[in-house]
There are 2 protein chains.
Amino acid sequence: MKWDELEEEPCSLARTVAVIGDRWSLLILRECFLRTRRFEGFQSALGITRHLLAERLKKLVRLGVLRRIPYQESPKRHEYILTQKGLDLYPIIMSIVHWGDTHMVDERGRPLLHEHKSCGKMFDPVLVCSECGEPVTAKGVHVHPGPGKRVPRAAADLPKAAKTKTRSRAV
Amino acid sequence: MKWDELEEEPCSLARTVAVIGDRWSLLILRECFLRTRRFEGFQSALGITRHLLAERLKKLVRLGVLRRIPYQESPKRHEYILTQKGLDLYPIIMSIVHWGDTHMVDERGRPLLHEHKSCGKMFDPVLVCSECGEPVTAKGVHVHPGPGKRVPRAAADLPKAAKTKTRSRAV
DNA sequence: CTTGACAGTTCAATTATAGAACTTTAGTGG
DNA sequence: CCACTAAAGTTCTATAATTGAACTGTCAAG
């Protein structure tokens with residue numbers, strides 16, 4: 001499967017992985033949330049090669065996650081800022097950071113602590129149900145086919161006999 | 001930067017990206033949450049090459065995200081199941097799926113809908129503050145250095161004059 | 001008129017991934 | 001006994017992605 005095919009899959013996870021599922025995109029986006037905006041800033045903060053950084057920034061702009069806006073004329077210079085689509089990635093970033101805080105810290109503890117401005121306390125992010133407000137777990141979720149569901153790649157390609165039975169599943 | 005170095009970074013996001021930040025790991029984990037457990041199951045559902053699948057499964061086992069347990073003797077066969085560490089990835093997966101549902105769907109709508117068993121309603125996941133229960137946004141969060149904070153790579157490698165000023169930042 | 005910053009581009013060398021065939025252990029049907 | 005199938009990998013070559021380093025173009029300052 002190529003990256004482009006990934007974008008076409010009838011799966012919201014696969015389509016999002018097509019955007020952020022590589023070694024660098026999430027790190028670049030972390031820097032965006034840390035208020036880095038310029039090429040040199042990303043490059044020196046991350047140690048990414050300039051070649052790849054240019055490529056990834058282009059891709060994120062093409063996908064509508066970043067916007068490239070001029071901040072000076074002569075010589076023309078641009079900076080990269082998060083669009084709303086980009087800002088909406090924050091829950092993903094926070095969930096990732098929280099998992100790292102829980103499972104990947106060394107003896108010395110967390111690299112960063114987060115304060116929720118509106119309540120003033122150090123907090124952890126919790127994923128809850130939009131309807132009842134209770135925390136969401138894998139076992140507590142039942143999945144139904146939606147309008148955008150297609151027969152998955154594997155089942156479509158394989159002979160009829162090989163089709164896997166469908167079942168309610170937790171993603 | 002190599003994958004191994006990524007694991008060492010004093011950043012919970014980088015360390016988590018070292019685990020799931022490639023083309024396939026998240027898709028394999030999606031299948032795990034969809035109750036796939038066996039080699040052939042992953043392979044036919046994803047279309048990943050067998051070579052890479054074997055490698056990724058090994059990696060996820062080594063990192064403690066999956067456990068490899070025998071389900072029959074002669075011939076010895078094993079299946080892969082999520083550990084608690086793996087189950088804890090669910091908020092990341094759900095956040096990713098939700099972003100895809102919001103920003104990457106075609107005209108036909110979402111591939112899947114999610115029902116929250118305990119309240120019986122179709123829902124979206126919302127990230128809230130563990131302390132006050134209010135939704136978390138990038139702008140509403142203030143970051144403080146934690147005990148595991150080290151001077152970042154870039155600042156440590158560069159001459160003193162080039163050190164970037166520290167600032168409270170939103171990741 | 002030389003130096004430096006910024007935002008890239010170019011190119012060779014190294015790694016990773018894709019695609020396909022092959023291996024091992026065992027069960028099944030004839 | 002023999003061919004065929006299945007699961008779970010392994011091995012191999014070709015192709016694609018990434019790295020590392022140098023190079024380009026525009027302007028400003030000294």
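Throughout, a chain's letter reflects where its sequence line sits, starting with A, and its residues are numbered from 1.
- With distances taken from any side-chain atom of Glu40(A) to the nucleotides dT18(D), dT26(D), dC6(C), the minimum falls on dC6(C).
- Within 4.0 Å (heavy atoms only), Ser74(B) reaches sugar-phosphate atoms of the nucleic acid but no base atom.
- Taking every side-chain heavy atom of Tyr71(B) into account, dA8(D) is the closest of dT18(D), dA8(D), dC6(C).
- The base of dA7(C) is not paired with the side chain of Arg38(A) by any donor and acceptor separated by under 3.5 Å.
- Residue Arg77(A) places no side-chain atom within donor-acceptor reach of the base of dA7(C), judged by atom type and a 3.5 Å distance cut-off alone.
- Distance OH (Tyr80(B)) to C1' (dA8(D)): 8 Å, rounded to an integer number of Å.
- Shortest non-hydrogen contact noted between Phe33(B) and Leu87(B) is CZ-O, 3.8 Å.
- Of the listed nucleotides (dT19(D), dT25(C), dT9(C)), dT19(D) has the atom at the smallest distance from the side chain of Trp24(A).
- What separates CG of Leu52(A) from P of dT9(C) is a distance of 13 Å, to the nearest Å.
- Among the nucleotides dA26(C), dA8(D), dT19(D), the one closest to the side chain of Thr49(A) is dT19(D).
- The side-chain contact (heavy atoms from CB on, under 4.5 Å) with Tyr80(B) is formed by just one residue from the set Thr36(B), Val65(B), Leu66(B), Leu60(B); it is Leu66(B).
- Residues Met104(A) and Trp99(A) are in side-chain contact: their nearest non-hydrogen atoms beyond the backbone lie under 4.5 Å apart.
- Distance, Ile28(B) CD1 to dT17(C) P: 11 Å, rounded to whole Å.
- Distances from the side chain of Arg50(A) to the nucleotides dG8(C), dA26(C), dT10(D) place dG8(C) closest.
- A cation-pi arrangement, defined by a distance under 6.0 Å to the six-membered ring centre and an angle within 45 degrees of its axis, is present between Arg38(B) and Tyr71(B).
- A close approach under 4.0 Å does occur between a side-chain nitrogen or oxygen of Arg68(B) and OP1 or OP2 of dG9(D).
- Contact annotation: Lys59(B) does not reach the phosphate of dA16(C) (side-chain N/O to OP1 or OP2, under 4.0 Å).
- Using a 4.5 Å heavy-atom threshold, the side chains of Lys117(B) and Val141(A) count as separate.
- Across the protein-nucleic acid pair, Glu55(B) atom CD and dT11(D) atom P stand 11 Å apart, rounded to whole Å.
- Across the protein-nucleic acid pair, Gln43(A) atom CD and dT19(D) atom P stand 12 Å apart, rounded to whole Å.
- Among the atoms of the strands shown, none is found under 4.0 Å from any heavy atom of Phe42(B).
- Atom CD in Glu79(B) sits roughly 12 Å away from atom P in dG9(D) (whole-Å rounding).
- Distance Glu73(A) CD to dA28(D) C1': 16 Å, rounded to the nearest Å.
- Remark: C1' of dA21(D) and NE2 of His51(A) are 12 Å apart, rounded to the nearest angstrom.
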